[in-house]
Amino acid sequence: MKKLRDLIYGVSLQQVVGSTNVGISAIAFDSRLVTPGTLFIAVKGIQTDGHDYIDKAIALGATAILCENLPTALSAGVHYVKVDQSAKALGTVSANFYDNPSSKLKLVGITGTNGKTTTATLLFQLFRELGYKVGLLSTVQNQINQEIISATHTTPDPIALNQLLRKMVIAGCDYCFMEVSSHAVAQYRIEGLDFSGGVFSNLTHDHLDFHKTFDSYLKAKKTFFDGLHKTAFALTNLDDKNGLVMLQNTKAHCKTYSLKHLADYRAKIMENQFNGLLLHIDEEEVWFKLVGSFNAYNLLAVYATAMLLDQDKLKVLTMLSRLQGAEGRFDYVIAPNGVVGIVDYAHTPDAVLNVLTTIRDIRKGTEQVITIIGCGGDRDKTKRPIMAQVACDGSDKVILTSDNPRSENPEEIIREMEAGVSPSNKRKTLSIIDRREAIKTACHLAKPGDIILLAGKGHEKYQDIQGVNHPFDDKEILTDNLKLQD
């Protein structure tokens with residue numbers, strides 16, 4: 001049981017009606033979860049407004065209401081707190097309710113368009129290998145030491161997030177590594193958290209369906225660094241044109257990493273093959289199991305983060321050289337006839353370009369690259385023709401197909417992708433709506449030694465069609481079809 005006054009500590013208050021000395025047994029922003037003794041936070045969302053459910057929350061026994069607009073008729077015995085932004089207050093209240101767990105471990109946030117999951121996962125694995133108890137909050141899964149908790153969002157809502165962090169503290173975790181999405185920053189999901197450091201990977205075209213403009217997308221990422229305190233570190237990719245922008249207003253201790261420029265942490269690619277990378281990193285040559293220049297950046301970011309967290313250099317490089325990447329990130333299988341199948345979560349033009357560039361750098365030149373690619377429904381439509389164009393420019397054959405069409409017509413999504421296919425590329429492009437059939441077709445087209453890139457879904461185990469998740473595992477289906485080839 002917490003006192004209301006303790007829960008709203010640090011919140012910018014406009015008005016209080018009633019007492020802040022009342023006991024609160026639970027907090028909720030979903031009226032369906034209200035029980036007697038709850039503080040209900042009325043949040044204005046994208047689709048619904050929590051203010052419309054205040055009466056329902058009170059009927060279910062809410063003791064107090066936190067809102068932006070007080071109801072015209074106030075209920076007797078209910079205590080009201082008026083604030084300027086209830087979404088922002090929700091983060092602070094959540095942190096207070098769970099005893100500010102982020103201040104009781106070292107929390108490091110990783111943000112950027114691409115590389116967040118791999119970087120966070122590698123950090124989690126590395127620090128486990130170094131002997132620490134560690135938490136992970138990522139797109140693929142949340143994890144507390146060995147306990148795996150399924151993830152529904154890149155960054156959970158503030159209540160779920162602080163609840164998970166509290167469990168990590170109870171489990172004795174020393175560190176937590178988490179992906180910080182631009183949505184989470186814009187929606188104040190990380191409000192009230194105490195970060196020990198922030199890492200920036202890169203910024204490319206994505207999520208404009210939500211942010212509307214690239215500038216707004218950039219500002220959301222930058223806001224994360226603006227909020228870091230002076231005892232934290234801010235680590236940025238100097239090779240990204242927006243890397244230094246992230247550091248402009250931060251109070252944190254600023255550090256940089258780069259493959260191309262003078263930076264605090266540097267690396268150079270010596271070899272890049274299907275079975276790994278040889279990097280010259282901080283005066284040491286190390287072989288890593290991950291593949292591609294984009295993973296060289298991820299590995300360098302992980303190494304730099306470990307150094308900023310005062311770890312031993314040689315131990316870190318030794319442990320890091322043994323680790324695998326995140327599931328569905330350049331995840332490859334090799335068929336009996338030598339066809340290489342690669343499953344990757346690439347769902348932005350830049351991510352697709354990165355994977356195809358990696359394949360180009362590794363391939364011998366005689367084999368063909370067959371790319372299977374789609375675009376998600378109810379998401380940024382402006383990238384659809386660009387995705388198709390990038391795929392065509394970097395492949396010998398391209399099959400346009402479905403990728404979580406959600407509420408949209410998959411045929412229409414593919415038509416919008418086809419708009420990006422130039423006349424010269426049309427001869428090497430097929431459109432097959434059924435993703436399973438598209439994979440089967442690619443495997444039939446592939447000759448010994450060819451490379452199949454299956455882009456978009458990565459680790460996901462479903463297809464979202466009209467609100468229903470149908471079981472669908474890209475790697476499993478690709479592997480099964482490759483086994484059938486001579």
Side-chain angles (χ1 to χ4, degrees), residues 1-45 50-51 53-54 56-68 70 77-107 109 135 137 142 144 147 149 151-153 155-173 176 178 180 184-185 187-196 227 229:
M1 183 75 73
K2 306 279 185 180
K3 293 292 186 182
L4 178 58
R5 64 170 180 265
D6 296 325
L7 296 183
I8 59 175
Y9 178 78
V11 174
S12 180
L13 305 179
Q14 289 192 345
Q15 186 181 352
V16 175
V17 180
S19 171
T20 60
N21 197 38
V22 295
I24 300 295
S25 59
I27 57 174
F29 65 94
D30 183 338
S31 61
R32 294 169 295 184
L33 303 178
V34 170
T35 55
T38 297
L39 166 63
F40 176 67
I41 300 101
V43 177
K44 291 181 178 179
H51 291 76
Y53 299 90
I54 289 176
K56 179 183 176 182
I58 292 172
L60 290 170
T63 296
I65 305 293
L66 187 149
C67 56
E68 294 176 19
L70 291 173
V78 177
H79 309 270
Y80 296 86
V81 178
K82 184 182 178 184
V83 299
D84 182 44
Q85 291 178 297
S86 53
K88 194 172 183 179
L90 174 61
T92 303
V93 168
S94 300
N96 288 337
F97 186 81
Y98 288 102
D99 297 321
N100 294 289
S102 61
S103 65
K104 295 178 172 65
L105 45 67
K106 289 190 176 180
L107 176 65
L137 296 165
N142 301 319
I144 303 173
E147 181 189 359
I149 304 161
T152 55
H153 294 81
T155 311
D157 68 71
I159 295 177
L161 182 53
N162 280 278
Q163 194 174 38
L164 280 167
L165 288 168
R166 177 64 180 162
K167 286 182 179 178
M168 292 176 191
V169 171
I170 293 171
C173 290
C176 174
M178 70 175 286
V180 176
V185 178
Q187 294 172 349
Y188 302 109
R189 283 186 240 158
I190 60 169
E191 191 71 24
L193 297 187
D194 183 8
F195 285 92
S196 297
H229 52 70

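Start at 1 with the first residue, then count along the sequence. Everything numeric here is computed off the predicted structure, so don't read it as measured data. Reckoned from all heavy atoms, side chains included, excluding hydrogens, waters and symmetry mates.
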Do the side chain of [X] and the main chain of [Y] share a donor and acceptor less than 3.5 angstrom apart?
| X | Y | value |
| --- | --- | --- |
| N96 | Y9 | yes |
| H79 | A64 | no |
| S86 | A42 | yes |

Check your understanding: ring pair (Phe, Tyr, Trp, His ring centres under 6.0 Å) with F29: which residues, sequence neighbours excluded?
Key ->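 F29 satisfies ring pair (Phe, Tyr, Trp, His ring centres under 6.0 Å) with no residue once adjacent residues are dropped.
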
Taking every non-hydrogen atom, the tightest pair across [X] and [Y]:
| X | Y | result |
| --- | --- | --- |
| F195 | G109 | CD2-N, 3.7 Å |
| G91 | P158 | CA-CB, 3.8 Å |
| T38 | S25 | N-OG, 4.2 Å |
| S94 | I159 | OG-CG1, 3.3 Å |
| A89 | V11 | CB-CG1, 3.7 Å |
| C176 | L105 | CB-CD1, 4.1 Å |

Atom [atom1] of [X] and atom [atom2] of [Y]: how far apart are they, to the nearest 0.5 Å?
| X | Y | atom1 | atom2 | result |
| --- | --- | --- | --- | --- |
| S102 | L193 | OG | CG | 4.5 Å |
| M1 | I24 | CE | CD1 | 8.0 Å |
| N162 | E191 | CG | CD | 11.0 Å |
| L164 | Y98 | CG | OH | 9.5 Å |
| K106 | D194 | NZ | CG | 11.5 Å |
| L66 | L39 | CG | CG | 6.0 Å |

Check your understanding: With E68, which residues qualify under salt bridge (Lys or Arg N to Asp or Glu O under 4.0 Å), at least two apart?
Key ->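 K44.
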
Exercise for review: Sequence neighbours left out, what passes salt bridge (Lys or Arg N to Asp or Glu O under 4.0 Å) with K88? Give chain and number order.
Suggested key: none

Check whether any side-chain heavy atom of [X] lies under 4.5 Å from a side-chain heavy atom of [Y], and answer yes or no.
| X | Y | value |
| --- | --- | --- |
| I8 | V83 | no |
| L165 | M178 | no |
| I41 | I27 | yes |
| F40 | L60 | no |
| K56 | V34 | no |
| F97 | R166 | no |
| I170 | K104 | no |
| L107 | M168 | no |

Exercise for review: Using side-chain contact (heavy atoms from CB on, under 4.5 Å) as the criterion, list what pairs up with D84, not counting sequence neighbours.
Suggested key: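 Scan of D84 (side-chain contact (heavy atoms from CB on, under 4.5 Å), adjacent residues dropped) gives Q14.
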
Point to revise | Counterpart residues, side-chain contact (heavy atoms from CB on, under 4.5 Å), relative to E147 (two or more places apart) | key: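 Per chain and number, E147 pairs via side-chain contact (heavy atoms from CB on, under 4.5 Å) with I144, I149.
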
Exercise for review: Applying side-chain hydrogen bond (donor to acceptor under 3.5 Å, both in side chains), name anything that partners D30, two or more places apart in sequence or on another chain.
Suggested key: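 Partners of D30 by the side-chain hydrogen bond (donor to acceptor under 3.5 Å, both in side chains) criterion, ordered by chain and then number, come out as R32.
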
Practice item. Start with the C-alpha distance between D99 and K2, add both sets of side-chain angles, then the distance that settles side-chain contact (heavy atoms from CB on, under 4.5 Å), and finish with yes or no. Key: CA-CA 10 Å; D99 297 321; K2 306 279 185 180; 2.5 Å; yes

